[in-house]
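For the single chain, residues carry numbers from 1 onward in sequence order. What's counted below: heavy atoms across the whole structure, side chains too, no hydrogens, waters or symmetry copies.
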Amino acid sequence: MPETEFNIPYREGQSFFASEWSPDGEPKGVIVLIHGLSDHAGRFRHVGSFFAASGYTMIIIDLRGHGKSFGKRGHFPSFKRIMDDISLFLAEARRRHPTLPLVLYGHSMGGNLVLNYLIRNMPPVAGAVVTSPWLRLNFKPPVYKLILATLVNKLFPSMTQPDGIIPSYLSHDEEVGRKYIADPLVHHRICVRT
């Protein structure tokens with residue numbers, strides 16, 4: 001079950017980085033995974049290998065501003081643009097595997113994106129998997145921070161700050177947090193607009 005890397009052309013020389021894992025035999029379907037904030041495809045190799053061993057092809061794409069894809073780290077220009085990106089990813093999966101059932105998988109922030117994409121677009125997918133979706137903040141920000149964020153979003157929407165992800169919360173396995181901190185493709189940033 002080797003990993004195959006490829007790029008999905010976007011525009012003006014930009015492209016999305018993607019990884020694909022396939023089973024030894026004929027696949028039962030293709031799963032497209034949308035990762036979480038600050039993450040990238042390489043951190044999901046174990047997931048790709050698992051599904052390939054279970055008979056599925058898995059494609060994981062680095063979102064814009066993440067991993068090996070183009071864009072300022074941690075910055076999404078708009079929610080609509082991200083929804084359009086997911087459409088592009090699904091179109092690429094269909095192009096590569098036109099006869100296979102397609103499943104959309106979202107984890108963490110990717111879970112939020114997948115749920116929104118399904119509700120807004122009702123795509124013709126065979127199914128969806130959503131794990132640990134980021135549905136809301138785990139704290140209520142003070143009113144002054146909300147007002148300040150609204151103002152800064154209008155003036156400097158791509159300004160980034162630390163994402164606040166606590167690596168020890170990612171897993172009960174402490175090694176997962178250590179690898180997350182040491183991973184050079186994890187950017188630890190979030191912009192005001194995102």
(request) Please report the closest heavy-atom contact between P77 and R64, naming both atoms and the distance. (result) CD-CD, 3.5 Å
(request) Identify the two heavy atoms, one from F70 and one from Y10, that lie closest to each other, and give their separation to 0.1 Å. (result) CZ-CD2, 3.5 Å
(message) Less than 4.0 angstrom from a charged side-chain N to a carboxylate O is my criterion; do D85 and R81 meet it?
(response) no
(request) With side chain to side chain contact (heavy atoms under 4.5 Å, CB included) as the test, would you mind laying out the steps for I60 and Y105 before giving the verdict? (result) CA-CA 9 Å; I60 307 175; Y105 183 139; over 6 Å; no
(request) Please check if I181 and F44 belong to a single hydrophobic cluster, counting links between Ile, Leu, Val, Met, Phe, Trp and Tyr side chain heavy atoms closer than 4.5 Å. (result) no
(message) Starting from I166, can I reach Y180 by hopping between I/L/V/M/F/W/Y residues whose side chains sit under 4.5 Å apart?
(response) no
(message) Give me the atom names and distance for the closest heavy-atom approach of Y56 to P23.
(response) O-CD, 3.5 Å
(message) Under a 3.5 Å distance rule, please check whether S69 uses its side chain to pair with a backbone N or O of F17 as donor and acceptor.
(response) yes
Show me the side-chain donor-acceptor pairs of residues 112-126 shorter than 3.5 Å, one per line, residues at least two apart or across chains.
{"unit_1": "N112", "atom_1": "OD1", "unit_2": "N116", "atom_2": "ND2", "d": "2.8"}
{"unit_1": "N112", "atom_1": "ND2", "unit_2": "W134", "atom_2": "O", "d": "2.8"}
{"unit_1": "N116", "atom_1": "OD1", "unit_2": "R120", "atom_2": "NE", "d": "3.3"}
{"unit_1": "N116", "atom_1": "OD1", "unit_2": "R120", "atom_2": "NH2", "d": "3.3"}
{"unit_1": "N116", "atom_1": "ND2", "unit_2": "N112", "atom_2": "O", "d": "3.0"}
{"unit_1": "Y117", "atom_1": "OH", "unit_2": "S87", "atom_2": "OG", "d": "2.7"}
{"unit_1": "N121", "atom_1": "ND2", "unit_2": "Y117", "atom_2": "O", "d": "3.2"}

Show me the donor-acceptor pairs, under 3.5 Å and distance only, between side chains in residues 146-156 and residues at least two apart or in other chains.
{"unit_1": "T150", "atom_1": "OG1", "unit_2": "L146", "atom_2": "O", "d": "2.9"}
{"unit_1": "N153", "atom_1": "OD1", "unit_2": "R193", "atom_2": "NE", "d": "3.1"}

(message) How about CD on E174, more than 12 heavy atoms from neighbouring residues, nucleotides or ligands closer than 6.0 Å, or not?
(response) no
(request) Could you check whether the rings of H66 and F76 sit parallel, tilted or perpendicular, using 30° and 60° as the cut-offs? (result) tilted
(request) Using the rule that two of Ile, Leu, Val, Met, Phe, Trp, Tyr join whenever any of their side-chain heavy atoms come within less than 4.5 Å, decide whether I86 and V130 are in one cluster. (result) yes
(message) Do W21 and V47 make a side-chain contact, defined as non-hydrogen atoms from C-beta onward lying under 4.5 Å apart?
(response) no
(message) So which atom in P9 and which in S15 form the shortest heavy-atom distance, rounded to 0.1 Å?
(response) CA-CB, 4.1 Å
(message) Tell me if the NE2 atom of H46 is crowded by more than 12 foreign heavy atoms within 6.0 Å.
(response) yes
(request) Apply side chain to side chain contact (heavy atoms under 4.5 Å, CB included) to the pair K68 and L185, showing each step before the final yes or no. (result) CA-CA 7 Å; K68 296 179 183 177; L185 292 178; 3.8 Å; yes
(request) Would you check if the side chain of K179 reaches a backbone N or O of R43 as a donor-acceptor pair within less than 3.5 Å? (result) no
(request) Just jot down the ring pair (Phe, Tyr, Trp, His ring centres under 6.0 Å) partners of H75, sequence neighbours excluded, or say none. (result) none
(message) Test of understanding: clusters of I, L, V, M, F, W, Y form through side-chain heavy atoms closer than 4.5 Å, transitively. Do I82 and F89 belong to the same one?
(response) yes
(request) State yes or no: do I190 and I34 share one hydrophobic cluster built from I, L, V, M, F, W and Y residues joined by side-chain heavy-atom distances below 4.5 Å, directly or via other members? (result) yes
Contacts table for residues 95-102: side-chain donor-acceptor under 3.5 angstrom, sequence neighbours left out:
{"unit_1": "R95", "atom_1": "NE", "unit_2": "E92", "atom_2": "OE1", "d": "3.2"}
{"unit_1": "R95", "atom_1": "NH2", "unit_2": "E92", "atom_2": "OE2", "d": "2.8"}
{"unit_1": "R96", "atom_1": "NE", "unit_2": "E20", "atom_2": "OE1", "d": "3.0"}
{"unit_1": "H97", "atom_1": "NE2", "unit_2": "E20", "atom_2": "OE1", "d": "3.3"}
{"unit_1": "H97", "atom_1": "NE2", "unit_2": "E20", "atom_2": "OE2", "d": "3.4"}

(message) Testing the basics here: between H107 and S132, what is the closest heavy-atom pair and its distance to 0.1 Å?
(response) CE1-CB, 3.9 Å
(message) Looking at H40 and D62, would you say the former's side chain and the latter's main chain have a donor-acceptor pair under 3.5 Å?
(response) no
(request) Determine the minimum heavy-atom distance between I61 and I59, stating which atoms define it. (result) CD1-CG2, 3.7 Å
(request) State, yes or no, whether a side-chain contact exists between V192 and P157 at a heavy-atom distance under 4.5 Å. (result) no
(message) Tell me every residue that passes side-chain hydrogen bond (donor to acceptor under 3.5 Å, both in side chains) with T160, counting only those two or more places apart in sequence or in another chain.
(response) R189
(message) Restricting to side-chain hydrogen bond (donor to acceptor under 3.5 Å, both in side chains), what partner residues turn up for S108, sequence neighbours left out?
(response) none
(message) Atom NZ of residue position K72 - does it have more than 12 heavy atoms of other residues, nucleotides or ligands inside 6.0 Å?
(response) yes
